[in-house]
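This report concerns only the one structure given below.
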Number of protein chains: 2
Amino acid sequence: MDARKLRYFAVLADERHFGRAAQKLSLSQPPLSYAIRQLETELGVKLFVRNSRNVRLTPAGVVLQREAQALLRRMDETEQLVKAVADGRDGQIRLGFGGSMLYRGLPAIVDEFRAQLPAVDLSLREMGSTDQIEALHRDEIDLGFVHVRTTPTGLDGFRYHAEPFVACLPATHRHAKARRISLSQLHRDDFVLFSRKRSPDYYESIIGSCLSAGFVPNVRHELAHWLSVVSCVANGLGVALVPRTLASSRLAGAVFCTIAEETIKSETWCVWKPKSLSNAAVAKSLALIKACAPVQRPARQRRARMTRGVRSPRDRALRRTS
Amino acid sequence: MDARKLRYFAVLADERHFGRAAQKLSLSQPPLSYAIRQLETELGVKLFVRNSRNVRLTPAGVVLQREAQALLRRMDETEQLVKAVADGRDGQIRLGFGGSMLYRGLPAIVDEFRAQLPAVDLSLREMGSTDQIEALHRDEIDLGFVHVRTTPTGLDGFRYHAEPFVACLPATHRHAKARRISLSQLHRDDFVLFSRKRSPDYYESIIGSCLSAGFVPNVRHELAHWLSVVSCVANGLGVALVPRTLASSRLAGAVFCTIAEETIKSETWCVWKPKSLSNAAVAKSLALIKACAPVQRPARQRRARMTRGVRSPRDRALRRTS
DNA sequence: CAGAATTGATACAAGATCTGTATCAATCGC
DNA sequence: GCGATTGATACAGATCTTGTATCAATTCTG
């Protein structure tokens with residue numbers, strides 16, 4: 001019972017006329033008769049009553065007509081689906097990300113997916129950078145947004161976003177009113193840090209910046225979410241260095257000030273397993289994400305504006321919380 | 001994308017090894033390679049990554065594997081279904097019947113269907129004899145239980161059941177206490193009859209019996225259900241001749257007595273359109289119904305017992321209502 | 001590091017299957 | 001009864017499928 005005979009059968013069942021059906025199939029009549037007879041033989045079932053004047057379906061034929069139509073339609077759908085998957089219009093993308101990506105364009109990326117690749121089944125998996133890298137190697141996610149300063153070994157990636165750290169102080173802090181602060185001014189404060197385990201690079205960036213400023217920070221707390229860090233600071237439990245994006249979190253009790261020293265930046269990399277690129281859906285997704293990435297302005301220019309006090313809308317938002 | 005290649009693909013996708021897959025398909029390896037390559041060409045999609053050391057599925061291949069399995073399974077099911085329909089194990093039977101069949105073995109027939117032809121989709125359609133005959137001709141039902149005295153023209157059938165009429169009188173009737181009554185004793189009573197339109201044969205049987213007894217019955221009411229007839233009599237609106245089965249209806253206010261004269265019997269025929277016999281499910285159903293039919297005792301024997309006053313359990317039930 | 005073993009790909013020929021042309025037998029309508 | 005129409009049949013050519021023999025590439029083993 002192959003597909004060809006099924007198709008012949010379906011058309012004949014619709015037409016109930018060998019000649020017309022053959023014509024519709026771009027076929028001459030004898031092969032059609034031959035094929036149908038063969039189908040009947042291999043099923044051991046009469047499908048048509050040929051009256052040498054008209055053709056009618058047997059009850060079994062009626063059933064097969066219904067089933068054959070469904071089968072052929074499904075076959076067609078399967079073919080379309082496979083083609084769509086092959087060129088990335090359809091498929092599944094499991095996207096790893098840290099919570100802060102919600103402030104760094106993830107919603108826009110999701111919107112783009114809906115617009116450009118509506119058939120792609122996009123599922124988001126929030127997890128730490130370390131977990132994402134492991135998950136990528138295990139093929140548990142397809143793409144990740146991790147906080148590193150270079151491509152992790154065994155993975156490919158590009159820098160999706162970078163921004164400086166800013167100081168996050170309790171509103172009651174002695175320097176809370178300052179617009180700009182030197183790191184060394186915080187050398188005696190308790191520090192709240194992002195979990196070393198979840199994102200080693202962040203941890204080391206911050207420690208490193210402090211060391212450059214000439215002191216060893218007093219690490220008091222380690223939290224697993226950036227909002228928890230800000231919340232902690234807002235409650236007076238210490239100070240923190242946080243990616244500038246966090247300034248838009250609007251948590252009452254916390255203020256943000258730019259840092260005089262050049263700190264290491266908070267970098268977000270989009271990473272994937274090299275082999276994944278053969279998955280067209282991944283390749284298409286990557287192109288989409290690259291198009292969504294914030295413009296990477298040369299670092300020099302941005303620094304100049306900061307030191308001169310020229311503030312972008314984002315900079316202005318910095319002071320709005322208190 | 002024919003079924004053969006799909007089957008090859010499915011096995012290869014499971015095995016991930018051309019040699020083993022070919023062996024499993026009772027095939028040598030080159031044809032398998034050829035077929036898979038051909039499938040890939042005609043879809044325009046790479047399905048496997050051949051590493052000359054191992055074979056892996058592409059994302060499109062993974063999707064096709066899932067779909068191919070479903071398609072092949074459904075194809076197989078379709079084949080089984082068509083075969084089952086062809087020999088009557090599966091199918092649809094629409095059974096027409098008058099309400100009184102519920103007292104004449106219809107429940108037993110339904111039970112037998114469940115037991116012997118569980119896959120057959122049996123649906124019951126209550127309708128009058130006339131409607132059934134029309135429905136049979138229009139192929140709206142497959143079998144009918146009608147009240148006629150011979151096979152309707154254009155249909156085949158057999159006598160499923162036959163029983164005498166009994167008189168149904170109000171409990172307050174002057175002859176209510178009689179066990180046996182002559183029809184002529186009712187010549188001045190009002191008669192309640194079963195709807196002439198729904199079952200002309202019943203109507204004519206009853207009128208005919210009265211004429212034989214020497215009087216023209218006084219037809220007062222025509223009702224569409226036998227239970228309504230009995231109910232009408234119970235309320236004192238007249239007398240009726242009803243099939244003996246109705247005696248088991250237990251309606252308060254009605255009594256039943258056998259009739260001295262030999263009345264025409266109430267006959268139930270199982271009928272069908274001759275062409276329907278080519279539907280194996282109909283043929284199987286007919287055999288089943290014949291096996292369920294009450295034993296057709298020769299008429300003479302039954303009459304003898306009636307006139308001698310020997311009562312079967314059914315006869316005894318006759319007097320229980322009042 | 002060389003050779004054996006295993007993998008899938010290729011070439012080619014034989015066989016099976018499918019299709020078209022020509023023709024036939026049966027039925028229906030006039 | 002005759003012509004028109006229907007599906008079946010015969011047969012030949014084209015296409016597709018399969019098997020044998022062989023090859024190139026890679027991996028494992030000694």
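A note on names: the letters A, B, ... follow the listed sequences, proteins ahead of strands, and every chain is numbered from 1.
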- Scan A:Leu32 against the nucleic acid and name what it touches under 4.0 Å (heavy atoms): base, sugar-phosphate only, or nothing. nothing

- Just to confirm, is there a sub-4.0 Å distance from OP1 or OP2 of D:dG19 to any side-chain nitrogen or oxygen of B:Gln29? no

Winner on side-chain proximity to B:His17, out of D:dA8, C:dT7, D:dT18, is C:dT7

| Do B:Thr268 side-chain atoms and B:Val146 backbone N/O form a donor-acceptor pair below 3.5 Å? | no

Side-chain contact check for A:Pro31: nearest option of C:dG20, D:dG19, D:dT20 is C:dG20

In whole angstroms, the gap separating P of D:dT26 from CZ of B:Arg56 amounts to 15 Å

Separation of C:dG8 atom C1' from B:Arg16 atom CZ, nearest Å, is 17 Å

Check: Taking the inter-plane angle between the rings of A:Phe9 and A:Phe48 on a 0 to 90° scale, is it parallel (under 30°), tilted (30 to 60°) or perpendicular (over 60°)?
Finding: tilted

Separation of C:dT7 atom P from B:Arg20 atom CZ, nearest Å, is 7 Å

With the side chain defined as heavy atoms from C-beta on, B:Ser28 is closest, among C:dG8, D:dA8, D:dG19, to D:dG19

Next item on the list: Output yes when at least one side-chain N/O atom of B:Tyr8 is less than 4.0 Å from OP1 or OP2 of D:dT18, else no.
Entry: yes

- Main-chain N/O of A:Ala13 paired with A:Arg16 side-chain donor or acceptor, under 3.5 Å: yes

- Query: If you draw a 6.0 Å radius around CD in A:Gln69, do more than 12 non-hydrogen atoms from other residues or ligands fall strictly inside?
  - Reply: yes

Of the listed D:dG7, D:dT20, C:dC18, the closest approach to the A:Gln38 side chain comes from C:dC18

Taking C-beta and beyond as the side chain, do A:Gln92 and A:Val120 meet within less than 4.5 Å on heavy atoms? no

Of the listed C:dC18, D:dT18, C:dG8, the closest approach to the B:Ser33 side chain comes from C:dG8

Side-chain contact check for B:Arg50: nearest option of C:dC18, C:dA9, C:dA22 is C:dA9

Rounded to whole Å, the CD1-C1' distance (A:Ile36 to D:dA8) equals 14 Å

Whole-Å distance, B:Leu27 CG to C:dG15 C1', equals 14 Å

Has A:Arg37 got a side-chain N or O lying under 4.0 Å from the OP1 or OP2 atom of D:dT9? yes

Atom OH of A:Tyr34 and atom P of D:dA12 are separated, to the nearest Å, by 16 Å

B:Arg4 atom CZ is separated from D:dC16 atom P, nearest whole Å, by 11 Å

Whole-Å distance, A:Asp2 CG to C:dC18 P, equals 7 Å

